[in-house]
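For reference, the structure discussed in these notes is given below.
The sequence lines fix the lettering, A, B, ..., with proteins before strands; numbering per chain opens at 1.
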Amino acid sequence: MLQRIYGIAFWTQKELEDKLKFYEEAKRRDHRKLGKELEFFTIDEMVGPGLIIWLPKGAVFRQIVEDYLKQKHKELNYQFVYTPHVGKSTLWETSGHLSYYKENMFPEMPIENETYYVKPMNCPFHMAIYKSKIRSYKELPIKIAELGTVYRYEMSGVLHGLMRVRGFTQDDAHIFCKQDDVKSVIQETLNLAFEVLQDFGFSDYQIFISTKPKDAIGTEENWEISESALKDALENLGKSYEIDEGGGAFYGPKIDIKIKDAIGRFWQCSTVQFDFNLPERFDLYYVGEDNKKHRPYIIHRALLGSVERFSGVLLEHYAGALPVWLSPIQVAIIPIADRHIEYANEVLKLLKAKNIRAYIDDRPERMNAKIRDNELQKIPFIAVLGDKEASSNSVSIRTKIENIPVSSTLEEFANILDNSLISKR
RNA sequence: GCCGGUGUAGCUCAGUCGGUAGAGCGAGGCAUUCGUAAUGCCUAGGGCGUGGGUUCGAGUCCCAUCGCCGGCUCCA
């Protein structure tokens with residue numbers, strides 16, 4: 001009988017201590033722990049493994065993220081859509097998912113002599129949108145976007161907090177374009193991707209380009225144009241990348257961006273991939289200037305990847321202390337005694353008028369306890385109000401953000417908040 | 001799914017050789033109205049993931065099952 005024994009050894013005491021310190025830090029930053037402490041999300045055994053329940057505070061955060069994304073996309077003329085969560089088997093046969101992806105799909109649901117499947121991807125629906133009318137070369141590129149929630153069967157052993165789940169929402173989009181558009185579309189997409197990553201404070205990530213595998217569909221020209229568009233765009237941005245030679249999907253090359261979590265594991269987030277398969281399968285075309293049918297190129301991309309995973313990575317990145325613009329509660333107002341509540345309400349009213357997410361901690365607790373609790377909730381600004389403040393129309397400010405005065409007038413405080421909201425850091 | 005570990009109160013965790021479950025925080029109540037990280041006192045709360053089994057007796061032992069944790073494979 002064999003017994004496997006695991007062990008880890010270090011050459012020096014210091015190396016051991018560093019490793020232990022690292023474990024401690026990783027534990028502190030673990031998004032599963034933070035998610036519970038900050039009341040962002042929960043996973044209920046009764047609901048099901050890998051299925052995320054967003055609690056009110058997490059939902060506020062998520063909505064901010066989604067609003068931000070929608071804004072960014074609308075600026076680039078993306079069109080947002082909503083599509084169903086299930087589709088008939090013919091849809092998945094046409095897309096090829098039933099032949100290539102079935103083992104990752106939730107099992108079929110028979111209804112009235114038809115079989116339905118919960119969607120593991122949004123693509124087929126976006127194809128249906130493209131096909132919903134005849135497309136002319138004049139309207140390309142068409143950019144169809146959706147915060148689309150998909151469900152995939154993942155083996156129980158790989159589930160991990162928000163990072164690896166069975167139901168998640170992709171910030172998905174399909175860009176339909178002509179061959180001449182490919183270069184500029186890819187450039188625009190990557191510009192956007194890096195802009196978004198930067199706005200969320202990420203600069204440490206790995207970029208991979210995956211190129212043509214052995215068994216691939218699409219013409220030589222398709223692959224060449226696409227691969228060089230990906231490389232050129234990255235080089236124009238001065239981003240270094242690795243090439244996964246032959247690592248692309250059979251239907252097209254892609255760029256993947258992976259971001260590190262608290263213990264140094266990389267998680268795939270952004271992805272930009274060509275798809276030479278779906279246009280054929282769905283027989284997509286546009287009418288060209290020559291009045292003939294042409295196949296569009298499809299670029300399938302997600303910037304955050306999944307809202308869930310990205311949120312997990314983000315929580316770990318900031319160890320829960322989110323930037324002001326992403327904090328569900330931006331200001332906690334602490335009146336020292338009950339007689340200060342009236343002034344606290346004035347302050348609250350002013351902040352709310354400026355769309356700042358603030359609340360008054362009016363529990364019958366001591367000021368110190370309230371400060372502690374709000375600190376632990378990692379609220380970026382704590383405004384303490386007592387006799388001094390009430391009489392001088394000011395606030396006393398407690399924050400970890402640098403270069404903020406410890407006390408200021410109400411007006412100044414509002415300006416300080418405005419400034420910290422503008423910079424997405 | 002596989003290998004290993006684990007599951008006790010809302011949370012974090014203790015529970016000895018099998019003898020009938022305990023702490024802190026939190027919650028509820030009362031008092032306290034207070035200047036930058038925990039005010040004091042009182043009270044309630046679980047039958048130990050679930051289902052079987054062994055035993056006079058099971059958080060404690062055995063089997064099964066579910067969830068979780070770490071790793072493998074795959075991915076957003």
Distance check: side-chain N/O of A:Arg265 vs OP1/OP2 of B:G71, anything under 4.0 Å?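 It does, given that an N or O in the side chain of A:Arg265 lies less than 4.0 Å from OP1 or OP2 of B:G71.
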
Within the pair A:Arg398 and B:G35, is there a side-chain N or O less than 4.0 Å away from OP1 or OP2?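 Indeed not, no polar side-chain atom of A:Arg398 lies that close.
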
Heavy atoms under 4.0 Å, any strand shown: does [X] hit a base, just sugar-phosphate, or nothing?
X        : answer
A:Val165 : base
A:Asp387 : base
A:Glu308 : nothing
A:Arg339 : sugar-phosphate
A:Lys378 : nothing
A:Asp338 : base
A:Glu375 : base
A:Ile334 : nothing
A:Ala302 : nothing

Taking 4.0 angstrom as the limit, do [X] and [Y] come out as a salt bridge?
X        : Y        : answer
A:Arg339 : A:Asp387 : yes
A:Lys88  : A:Glu93  : no
A:Lys143 : A:Glu188 : yes

Please give the distance between the [atom1] atoms of [N] and [M] as a whole number of Å.
N     : M     : atom1 : value
B:C48 : B:G59 : C1'   : 5 Å
B:G71 : B:G29 : C1'   : 49 Å
B:C13 : B:C72 : P     : 24 Å
B:C61 : B:A44 : C1'   : 34 Å
B:G15 : B:G22 : P     : 15 Å
B:A9  : B:G51 : P     : 16 Å
B:C75 : B:G4  : C1'   : 24 Å
B:G53 : B:U12 : C1'   : 33 Å

Sub-3.5 Å donor-acceptor pair from the side chain of [X] to the main-chain atoms of [Y], do we have one?
X        : Y        : result
A:Glu245 : A:Thr211 : no
A:Arg301 : A:Val272 : no
A:Arg152 : A:Pro120 : yes

Protein heavy-atom contacts under 4.0 Å, written 5' to 3' over nucleotides 63-69 of chain B as B (base), S (sugar-phosphate only) or - (none), form the string ---SSSS

Where does the angle between the aromatic ring planes of A:His174 and A:His300 fall among parallel (under 30°), tilted (30 to 60°) and perpendicular (over 60°)?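 Correct class here is parallel.
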
Positive for ring-ring contact (aromatic ring centres under 6.0 Å, His included) with A:Phe202, one of A:Tyr318, A:Phe310, A:Phe194: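 Of all the options given, the one that passes is A:Phe310.
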
Which residue, A:Thr271, A:Asp244, A:Ile255, forms the side-chain contact (heavy atoms from CB on, under 4.5 Å) with A:Ser210?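 The side-chain contact (heavy atoms from CB on, under 4.5 Å) with A:Ser210 is passed solely by A:Asp244 among A:Thr271, A:Asp244, A:Ile255.
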
Of the options A:Leu351, A:Leu350, A:Asn415, which is the one that meets A:Leu410 in a side-chain contact (heavy atoms from CB on, under 4.5 Å)?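 Running side-chain contact (heavy atoms from CB on, under 4.5 Å) over A:Leu351, A:Leu350, A:Asn415 with A:Leu410 returns exactly one hit, A:Leu350.
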
[X] has an atom [atom1]; how far is it from atom [atom2] of [N], in whole Å?
X        : N     : atom1 : atom2 : answer
A:Glu365 : B:C30 : CD    : C1'   : 13 Å
A:Tyr23  : B:G70 : OH    : C1'   : 10 Å
A:Lys370 : B:U32 : NZ    : P     : 16 Å
A:Tyr101 : B:C75 : OH    : C1'   : 7 Å
A:Leu385 : B:G35 : CG    : C1'   : 11 Å
A:Tyr153 : B:G1  : OH    : P     : 5 Å
A:Ile382 : B:A38 : CD1   : P     : 13 Å
A:Asn368 : B:U32 : CG    : C1'   : 14 Å

Residue matched to [N] through Watson-Crick or wobble contacts both under 3.5 angstrom:
N     : value
B:G1  : B:C72
B:A27 : B:U43
B:G7  : B:C66
B:G22 : B:C13
B:C34 : none

Among [options], the one nearest [X] by side-chain distance:
X        : options             : result
A:Lys400 : B:A37, B:U33, B:A76 : B:A37
A:Met367 : B:A76, B:A37, B:C34 : B:C34
A:Glu154 : B:G35, B:C75, B:U73 : B:C75
A:Arg372 : B:A76, B:U32, B:A37 : B:A37
A:Ile336 : B:C34, B:A38, B:C72 : B:C34

Tell me which of A:Cys269 and A:Val384 sits closer to the 5' end of RNA chain B, going by the nucleotide each one is nearest to.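 Closest to the 5' end, via its nearest nucleotide, is A:Val384.
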
Taking only N/O atoms, report every protein-nucleotides 9-12 of chain B pair under 3.5 Å with atom names and distance.
residue: B:U12; atom: OP1; partner: A:Lys36; partner atom: NZ; Å: 3.3

Can you find a donor-acceptor N/O pair under 3.5 angstrom joining the side chain of A:Gln273 to the base of B:A76?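 Counting by modelled atom types and ignoring angles, no donor-acceptor contact under 3.5 Å is found here.
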
Anti or syn - B:G7, cut at 90° from 0: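 Classified anti.
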
Syn or anti for B:G45, please, going by whether the chi angle lies within 90° of 0.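 B:G45: anti glycosidic orientation.
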
Taking atom NZ as the centre, does A:Lys57 end up with more than 12 heavy-atom neighbours from other residues, nucleotides or ligands that are less than 6.0 angstrom away?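 Atom NZ in A:Lys57 is crowded, with more than 12 foreign heavy atoms closer than 6.0 Å.
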
Counting only heavy atoms not in A:Lys183, do more than 12 sit closer than 6.0 Å to its NZ atom?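 Not buried by this count: 12 neighbours or fewer within 6.0 Å.
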
Taking A:Tyr241 as the fixed residue, which of A:Glu235, A:Lys231, A:Gln206 is the one that meets the side chain to side chain donor-acceptor pair (under 3.5 Å) rule?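 Only match with A:Tyr241 under side chain to side chain donor-acceptor pair (under 3.5 Å): A:Glu235.
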
Can you check ring pair (Phe, Tyr, Trp, His ring centres under 6.0 Å) on A:Phe200 and A:Trp325, steps first, answer last? CA-CA 10 Å; A:Phe200 283 104; A:Trp325 72 289; 5.2 Å; yes

I'd like to check, for A:Phe168, whether its ring lies over the base of B:A76 with centroids under 5.5 Å apart and a plane angle smaller than 30°.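 By the stated criterion, A:Phe168 and B:A76 stack.
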
